[in-house]
Amino acid sequence: MRETNANRWLLLAPSALWLLLFFLLPLGLIVVMSFAERGLYGGVRWTFGLWNYRQAMAPLYLWVYGRSFALAAVTTALCLVVSYPVAYYIALRADPKWKNLLLVLSILPFWTSFLLRTYAWMFLLRVEGFVNTTLLALGVIERPISWLLYSDFAVVIGQVYGELPFMILPLYVALERVDVRVMEAAMDLGANRRQVFWRIVLPLTRPGIITGIVLVFIPSLGAFITPDLLGGAKSAMIGTVIQNQFVQRNQPMGSALSVLLVVVVLALLWIASRTARSRRGR
Amino acid sequence: MSARARTSPILAVWMGATYLFLYAPILVLAVFSFNDSRLLAVWRGFTWTWYKAALSNPPMLDALRTSLLIAALTTLIATALGTSAVLALERWRGRLRSLSETLFVLPIVVPEIVVGFASVTFFGWIGLRLGLLTVLIAHVAFSVSYVFFVVRARLATLDPRLEEAAMDLGANPWRVFWKVTLPLLAPAIAASALLVFTLSLDDYVITSFVAGAGATTLPLRIYSMIKTGITPEVNAISTLLLLVTLALMALAFRIERRGMTRTHLVLVGLLLLGLVGFAFGDSVARRPRATLNVLIWSNYISSRVVRAFEEKTGVKVNIETYDSNEALLAKLQAGVVTYDLIVPSDYMVRILIRENLLQPLDLTRLPNLRHLDPSALGLPFDPTNTYSLPYTRGITGIGYRKDKIAAPIGSWADLWEARWRERIVMLDDMREVFGAALKLLGYSLNSTDPEQLRQARDLLRRQKPLVRAYDSANFDQLLLSGEAWIAQAWDGQILKARRENPNIEFVIPREGTTLIVDNLCIPRSAERPDLAHEFINFLLDPTVAAENMNEIMYLMPNRSAWPRLRPELQRHPIFSLPPEVLRRSEYLQDLGPTTVLYDRYWTEVKLAR
Amino acid sequence: MATATSAIRVEGVTKRYGAVTALEAVSLEVERGEFLTLLGPSGSGKTTLLRVIAGLERPDDGRVYLGGEDVTDVPPYRRRVHTVFQQYVLFPHLNVYRNVAFGLEQKRLSRREIERRVAAALELVRLSGYERRWPHELSGGEQQRVALARALVLEPEALLLDEPLAALDLQLRKEMQRELKRLQREVGISFLLVTHDQEEALALSDRIAVIADGRLQQIGTPREVYERPETAFVATFLGAANVLEAEILHRENGDALLGLCGHTVRVPLNGRRIEGSRAQVAIRPEKIALRARPLRRTDLVQLEGVIEECLYLGEATHWRVRVGEHYVTVTEPNRPGSKADAFRDGQRVFLCWTRESIVVLSR
C-alpha cells in the first residue's frame with residue numbers, strides 16, 4: 001500500500017493539511033498581524049509598520065524577556081543539577097531489579113496533570129499552607145514565611161517540579177548508553193572516580209544534557225500556568241504578557257511578542273542542534 | 001565490579017530527596033483531601049465531604065465529560081493522522097521529507113501560549129464559532145506531531161527485511177501492512193495514543209484560548225476553581241484524577257512488560273466502556289430540552305438558583321466565568337462565541353453597544369421588570385434600557401482583617417502602607433487599580449489627562465513591591481486564609497467572607513470609589529435569546545432575586561426582594577455611605593482613545609519589577 | 001630473566017559472584033619481561049583474574065602484588081599496570097591523539113612532554129599521522145594499535161591484554177600476533193595475555209597458564225604444556241588428545257607398569273606422582289601410526305582395532321579407530337606415499353606408538 005506516490009500523498013495529505021491549515025496558517029496570520037495596528041476597541045487595523053516591534057524592544061519588554069530568560073535558566077540549571085545524579089544512579093548504579101521501577105517513578109508525575117501539580121504547590125506554599133504550618137509547629141520559624149507563594153521562588157519551584165521528568169529522561173538515556181567498560185578503561189589508565197566523571201561520563205552524555213536543557217528551557221521560557229498561579233499574576237513573564245495582550249485586545253502587539261518568542265525559541269534550537277552535532281569542534 | 005561498586009551515601013540521600021520532592025506534594029495534597037477543614041493545612045479529622053461535594057458537582061462532571069470526549073476524539077484522529085503520515089514518509093527521501101519533518105516538529109517546539117494565541121486569532125479571522133470543534137481542531141494540531149515522532153521512532157527500529165520476507169512468502173502489500181507492519185507498530189501507536197490522551201486531557205493553556213460556550217474542559221474548570229479559592233474539593237478531584245492516572249500507567253507498564261494478556265484486555269475494555277458510558281450515558285439518559293450558555297463573573301450567581309431554573313424549565317444552564325470586563329470583551333471579540341447571556345459592567349455595556357456586540361432586549365417578555373428600582377433604570381450608558389437590565393449594584397472598597405491590622409483603615413493610602421508589605425492584594429482589573437490610584441491622587445477615576453495617568457502609573461509602580469498578588473476572583477479567600485491582610489475588593493464577596501470570619505471588615509475609602517452596575521445583556525451572536533429572556537425574567541423574580549442576593553451577597557436593585565434580605569445585606573455599607581464620599585464616587589466610563597494609554601500604563605505596572 | 005621480584009604475583013586469589021566461584025585460590029607469577037598467556041575456555045575465570053590484577057575487581061580472598069608491592073587494596077587508577085581491553089574500548093569522544101594522551105593528562109606533565117610521548121607511542125604501534133582521526137573512522141586493527149599505544153605510553157610495569165585479537169579476522173590476527181611479539185620484545189615489559197585461542201597462546205608465549213573452572217590447571221612453557229599435559233583438560237584443550245583409562249600394575253624407578261587396553265606397557269613417569277590403582281593417560285593423535293600388520297618391535301605399543309571413520313582434511317587425515325570399548329583418534333599427515341587410501345572403514349588395523357608418547361595424567 002506504500003507503493004505508489006499517489007498513495008503516499010493520500011496518506012500524508014490529511015495530517016499535513018491539518019497542520020498547514022490549523023497550525024502554520026495561524027502562525028502566518030500572527031506574523032502578518034504583528035506588523036498591523038490595534039483597533040481602539042480591539043480588532044486590527046490593517047496598516048503595516050514596525051511599531052509593535054519597536055515597542056517590544058523598549059526597556060520594559062526587554063526586562064520581561066530578561067526575566068523570563070533568567071527564570072527559565074535557573075529552572076533549567078536546577079533541573080540539571082537535581083536530575084543528573086538521579087539519572088546517573090538509575091542508569092549506572094541501581095540494582096537492575098529496581099532500575100525500571102526507579103525510572104518509572106521518576107517520570108510518572110509527568111503523566112499527571114501539570115495544573116494539579118501546580119495546585120499542589122499552591123496548597124503547600126500558602127502563608128497558612130502545609131510548609132508554613134509544619135515549620136511553625138516544629139518551631140523552625142516563629143512567623144509564617146510570606147514569600148513562599150506568589151514569588152519568583154514559587155514560580156521556579158513549580159516549574160522545576162513540572163519539568164523535572166523531561167530532564168531525567170534524556171539524561172537517563174544518555175547515561176544508559178555510556179559503556180561501563182569505557183569507564184573502566186579510563187580508570188585503568190589512571191583516572192580516579194572524579195576524573196572518570198569529568199573526562200568520560202560528562203562529555204559522553206553531552207547530547208543528553210543538551211536535549212534535557214532544550215526540553216526544559218523552551219517550555220519554561222513560554223510558561224504561563226506557573227507564573228499565573230504561583231506568581232500571583234504579578235511576576236511578568238513572556239507567557240503572561242502575551243496573554244495580557246490578548247485580554248487587552250491588543251492582538252497586533254501580542255502577535256509581535258509571540259513572533260519574537262518563536263524566533264528566540266527557534267534560534268535556541270538551532271544553536272542546540274549545532275552544539276550537539278559538533279562534538280569534534282573544540 | 002569496582003567501577004559500579006559502592007554508592008556513596010550522598011548519592012543515596014540525593015535520590016531519596018528527589019523522590020520526596022517528586023511525591024511529597026502529591027501525597028500531602030491527597031492526605032488533605034480527607035481533612036475536615038476548609039482552609040487550614042492542619043489535620044482536623046477525617047471526612048469524605050469533599051469527595052461527595054466533588055462528585056455531586058454538576059459543572060465539574062460536565063467538564064469531565066467534555067474533557068473525556070475531546071481527549072477520546074483527539075486521540076482517535078491524531079493517532080490515525082500521525083501514523084499514516086509516518087507510513088507515507090517511510091523511505092521517502094529528499095526535500096519533501098525534510099519539509100514535512102519541519103512541519104511536524106513545529107507544534108512541539110512552539111510555546112503553547114503562542115499556539116493558543118495564534119489559533120484563537122485565526123479562528124476569529126475565519127469566523128469559526130469557538131466551541132468543542134475548535135478545541136478539537138487545536139488539540140489534534142498539537143498532538144499529531146507526538147504520534148508522528150513516537151511511531152516513526154519505532155518504525156526506524158523495524159527490520160525492513162521483515163516486510164520483504166512477508167512479501168516473499170506471498171503476502172500482498174495490504175496483507176503485509178495488516179499482518180506485519182501494523183502489529184509491529186502497535187506498541188508505539190498505543191504508547192502515542194496514551195500520550196495524546198493525557199496531553200489532551202491535561203491541556204489548559206491552548207484550550208483556554210480556543211474554548212467557547214459549552215466547551216469547558218476539566219482543566220478550565222479546575223483552573224477557575226483554583227483561581228476562586230483553594231478548597232479541599234479541588235484536592236479531592238486531584239486525588240481522584242491522580243489515582244486514575246496511576247492505575248492507567250500501572251496497567252500500561254504491566255502490558256508493556258508482560259504483553260497483553262486476556263485479563264488486561266478485559267480490564268482495558270471495561271475501562272473504555274466505563275469512560276464512554278460516562279461521557280455519553282448521561283446526555284442520552286436525560287437529554288436537556290436545550291442549553292443556555294451564561295458567561296458571568298465568578299462568584300456571581302447562586303448555584304441553587306441555577307438549579308431551580310433548570311428544574312423548572314428542563315433547560316440546562318452552562319455557567320462560565322470571567323474576572324474582568326476586559327476579559328469578557330476579549331472573549332466576545334476573539335472569535336465567534338455563542339453565549340446567550342453576559343453580565344458586563346456599566347462602561348462595558350456602552351462599549352459593547354458601540355461595537356455592535358449586543359442585541360436589543362424584548363422588554364415585553366420580561367414582566368418581572370416591574371420589581372426593579374426605577375433609580376437603577378435609564379442610566380447614562382444605556383438610557384433607554386434597550387440592551388441591558390441591571391443585575392447587581394456594587395461598590396469597590398477595601399476588605400481587611402481587623403485581627404491582623406489594628407490601625408484604622410479608611411483610605412486608599414492604606415493599600416500603599418509599607419507595614420502591610422506582601423500582605424496587600426489589588427484587583428487584577430486595570431480600571432479598578434487605576435481608579436484607586438487616581439482617587440488617591442484626588443483625580444477622577446475616569447481621567448483622560450495623560451499627566452494624571454502618568455502620576456497614577458508611577459504611584460502604582462511604587463506600590464508594586466508591596467503587593468502580594470493581583471486578583472479579582474480570589475481576594476476574599478486570600479483574606480480568609482490569612483494570605484493577605486488587606487485587599488482592594490468588591491463588596492459582596494467580602495460580606496460573604498465575613499459570614500465565615502467576623503474579623504473581616506469592609507470599608508469604603510473616603511477619597512471616593514467606583515460605583516458599579518452590572519447588567520444582564522444578550523450578545524448579538526446568542527443562539528437562544530428566547531431562553532436568555534426566560535432566564536432574565538426568572539432572575540428578576542423577587543423570591544429568586546432574594547435567594548440569589550442572600551447567597552452571593554451582592555445587592556440587586558430589586559425592590560420587591562429587599563424585605564427578604566439577610567440583615568447584613570440590609571445594613572450594607574452602601575446605605576450608610578457619607579454623602580461627601582458618595583459625591584466623590586463615580587461610575588466607570590468608556591475612555592475612548594485613552595484606553596490605549598491605560599492599556600500601556602497597565603502593562604507597564606504589571607511588568608515593573 | 002628472573003629478577004629479585006616478579007612483575008606480577010598473585011597469591012591464593014578467590015573471587016565469587018554469589019553462588020558462582022569465578023576463581024578458586026589461584027596463585028601465579030609473571031616474571032619481568034615475560035610474555036605469559038592465560039589460556040582457558042570462556043567462563044574459565046581468566047578475564048576475571050586479569051581484572052583482579054588490574055584492580056577492576058576486588059578478590060574475596062588472596063593478595064595481588066605488583067613489583068613486590070601488595071596492591072590488593074589499591075584502586076585501579078593507582079596501579080602501574082594497564083589493560084588493552086576486549087574490543088579495545090577507545091574513548092569515542094576523543095580523537096586518537098587524545099585517547100593516547102588520556103593517561104598522561106592525569107599526570108602533571110608539560111604539553112611538550114605529552115606530545116613527545118604520544119608521538120613515540122604512536123610511532124611504536126606504527127600509527128604516526130593518525131593523531132586527528134576518530135575511533136569510529138579506524139579499522140579494527142588500527143583501533144587495536146591505538147589501544148596498545150594508549151596503555152604503553154604510560155610505561156606500565158606490565159601490560160594486561162584481554163583477548164585483544166578476538167575481534168579481528170584471521171589474516172589480521174596472524175599479523176597482529178607477530179606485531180604483539182615484536183612490541184613486547186621492543187618495550188621489554190611483561191605481557192599478560194588472556195586468550196581462548198590455543199594457537200595464539202603457543203605462538204606468542206614464553207609460558208602458558210591453562211585455567212579452567214576458576215582453577216589453574218598447569219603452567220609452563222608451550223612445549224612443556226603441550227608435550228606433557230598434567231590433566232585431561234589441558235591435554236584436550238591444548239591440541240587434541242586421546243585420553244584412555246589405564247590400570248597401574250606396578251611402580252619402579254620412576255616408571256610405571258600400566259595395563260592399557262589389554263596390553264601391559266611400561267611408561268616413564270617423568271617425576272609425576274600418581275596415586276591409586278587407576279590412571280588416565282593421554283596420547284596425541286599425531287604420535288600414533290596406523291599399520292595393516294603389527295611391527296616386530298618390542299619398544300612400541302601396538303593395539304589392534306577397527307576403523308570406524310575416515311576424514312580427509314587436506315593437510316592430514318583423521319581416523320577414528322575402535323579398540324575394544326575405546327575409541328582412538330589418529331592423525332596422519334598426507335605426505336606423498338602415505339597410506340591414506342590404503343585403509344577403509346571396517347578394516348582391521350594396528351595402532352603403534354612409542355612408550356615415550358604416553359603421558360600419565362594426574363587427576
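Proteins come first, then strands; the chains are lettered A, B, ... in the order of their sequence lines, and each starts at number 1. Keep in mind it's a predicted model, so treat the numbers as computed, not measured.
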A:Trp198 atom CH2: more than 12 heavy-atom contacts under 6.0 Å: no
From C:Phe91 CZ over to A:Leu204 CG, what is the distance, rounded to the nearest 0.5 angstrom? 9.0 Å
With side chain to side chain contact (heavy atoms under 4.5 Å, CB included) as the test, would you mind laying out the steps for A:Arg199 and C:Gln106 before giving the verdict? CA-CA 10 Å; A:Arg199 301 192 55 195; C:Gln106 318 286 353; 2.9 Å; yes
Inter-residue atom distance C:Arg79.CZ - A:Asp188.CG, 0.5 Å rounding: 10.0 Å
Mark yes when over 12 heavy atoms from residues, nucleotides or ligands other than C:Glu123 sit less than 6.0 Å from its CD; otherwise mark no. no
Taking atom CZ as the centre, does C:Arg182 end up with more than 12 heavy-atom neighbours from other residues, nucleotides or ligands that are less than 6.0 angstrom away? yes
Below 4.5 Å from any heavy atom of chain A, which atoms of C:Val84 appear? Answer side chain, backbone, both or neither. neither
C:Leu90 versus chain A, the contacting section by heavy-atom distance below 4.5 Å: backbone
We want to know whether C:Gln86 and A:Arg181 form a side-chain donor-acceptor pair, criterion being a heavy-atom distance below 3.5 angstrom. no
Could you walk me through whether A:Glu184 and C:Thr83 pass the side chain to side chain contact (heavy atoms under 4.5 Å, CB included) test, one step at a time? CA-CA 10 Å; A:Glu184 286 179 351; C:Thr83 310; over 6 Å; no
Chain A contact via C:Phe102 - which portion, at a heavy-atom distance below 4.5 Å: both
Under 4.5 Å from a heavy atom of chain A, the part of C:Arg80 involved: neither
Measuring only between side-chain heavy atoms, which start at C-beta, is A:Val196 closer than 4.5 Å to C:Tyr77? no
Residue pair A:Leu189 / C:Ala151: nearest heavy atoms and the distance that separates them: CD2-CA, 4.0 Å
